[in-house]
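Below is a structure I'd like to ask you about.
Reckoned from all heavy atoms, side chains included, excluding hydrogens, waters and symmetry mates. Keep in mind the model is a prediction, meaning the values are calculated, not measured.
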Amino acid sequence: MYSFPTTSAEDVIDQPARAQFEVFLDEHRSDLNSCLDGLTEEQVRRSLVPSRTTLLGLVKHATFVEKVWFDEAVTCRPRAEIGIPATPDESFILNDDDTIAAVQQAHREACESSRRATSTLELDDMVHGNRRGPLPMRWVYLHMLRELAQHCGHADILREQLINE
């Protein structure tokens, strides 16, 4: 089974920007994935806000985001071919087969696929499969850091509410 790399941000202070981006991405990916650890299936599905956001839904959405930015944007394959929803909102919808183990595994696999897809790209290389038009990988990495940081914050708050019930 795949696990997240263990290099920390402290280890890459003097490294090139790309190494720093990748370590920060992996730390956020790991943090978001592990927000489900130690909770029940019922807890991670519990709706605590008016939107579709749940802890399980956040990790499922993060899988969608990985595929949008590191499959669709890099390969130019359409979402239907990739097998992901057409819209971000739909990516929060939970099905009966969305268990903690299944969603965490799908997320880990998507992250590993993202790493492979970008392994030969440089920060100034352009990706062409996004609706915004051509974008440099540097922008994609920054966008993903923002997205993951926001969702890690959401997950922290939801998890705190669940644990303190």
Side-chain angles (χ1 to χ4, degrees), residues 2 4-5 21-37 39 41-119 121 123 125-162:
Y2 176 78
F4 291 96
F21 280 135
E22 290 174 352
V23 167
F24 275 80
L25 279 170
D26 281 337
E27 283 185 351
H28 284 75
R29 287 165 169 157
S30 177
D31 288 347
L32 190 56
N33 191 284
S34 66
C35 78
L36 305 175
D37 293 348
L39 298 175
E41 296 290 342
E42 185 277 327
Q43 285 175 308
V44 299
R45 288 175 167 274
R46 192 173 308 156
S47 179
L48 301 169
V49 294
S51 70
R52 290 181 172 157
T53 305
T54 63
L55 278 178
L56 193 62
L58 277 172
V59 180
K60 186 174 180 180
H61 171 71
T63 301
F64 165 83
V65 171
E66 291 285 339
K67 292 179 179 188
V68 165
W69 287 105
F70 298 116
D71 191 336
E72 180 183 41
V74 173
T75 69
C76 301
R77 294 188 319 149
R79 291 179 185 188
E81 183 181 322
I82 296 168
I84 58 176
T87 67
D89 191 48
E90 293 172 276
S91 70
F92 285 91
I93 298 172
L94 299 174
N95 304 311
D96 290 342
D97 58 343
D98 288 326
T99 64
I100 293 170
V103 169
Q104 283 181 316
Q105 182 62 28
H107 180 246
R108 285 189 295 269
E109 289 171 2
C111 294
E112 176 57 24
S113 180
S114 296
R115 282 186 213 87
R116 283 192 309 272
T118 59
S119 66
L121 299 175
L123 293 178
D125 286 347
M126 302 298 280
V127 297
H128 299 275
N130 186 268
R131 63 180 168 77
R132 292 171 182 84
L135 297 167
M137 273 307 303
R138 178 183 321 276
W139 189 92
V140 172
Y141 276 177
L142 288 168
H143 177 78
M144 280 296 295
L145 281 170
R146 178 179 64 190
E147 176 104 9
L148 290 170
Q150 288 173 334
H151 292 321
C152 283
H154 299 148
D156 285 345
I157 292 167
L158 293 175
R159 186 176 170 90
E160 182 179 332
Q161 288 179 305
L162 289 167

Should the pair Glu112-Arg116 be classified as a salt bridge under the 4.0 Å nitrogen-to-oxygen rule?
yes
Describe, in one word, how the ring planes of His143 and Trp139 are oriented to each other, choosing from parallel (under 30°), tilted (30 to 60°) and perpendicular (over 60°).
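Taking Trp139 first and then His143, their aromatic rings lie parallel (interplane angle under 30°).
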Have His61 and Glu90 got a donor and an acceptor in their side chains that come within less than 3.5 Å?
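Note: His61 and Glu90 side chains miss the donor-acceptor criterion.
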Taking atom OH of Tyr141 as the centre, does the number of heavy atoms from other residues, nucleotides or ligands within less than 6.0 Å exceed 12?
yes
Side chain to side chain, Trp69 and Leu135, heavy atoms closer than 4.5 Å
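A side-chain contact exists here, since the closest heavy-atom pair is under 4.5 Å.
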Taking atom types as modelled, is there a side-chain donor on His154 or Gln150 under 3.5 Å from an acceptor on the other?
no
Side chains of Thr63 and Glu66: any donor to acceptor distance under 3.5 Å?
no
Any side-chain heavy-atom pair of Phe64 and Pro85 under 4.5 Å
yes
Taking every non-hydrogen atom, the tightest pair across Ser34 and Gln104:
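Scanning both residues, the minimum pair turns out to be CA-NE2, 4.3 Å.
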Examine distances only and state if a side-chain atom of Ser113 and a backbone atom of Glu109 form a donor-acceptor pair shorter than 3.5 Å.
no
Salt bridge between Glu72 and Arg77, side-chain N to carboxylate O under 4.0 Å?
no
Residues Arg29 and Asp26 bridged, charged N to O under 4.0 Å:
yes
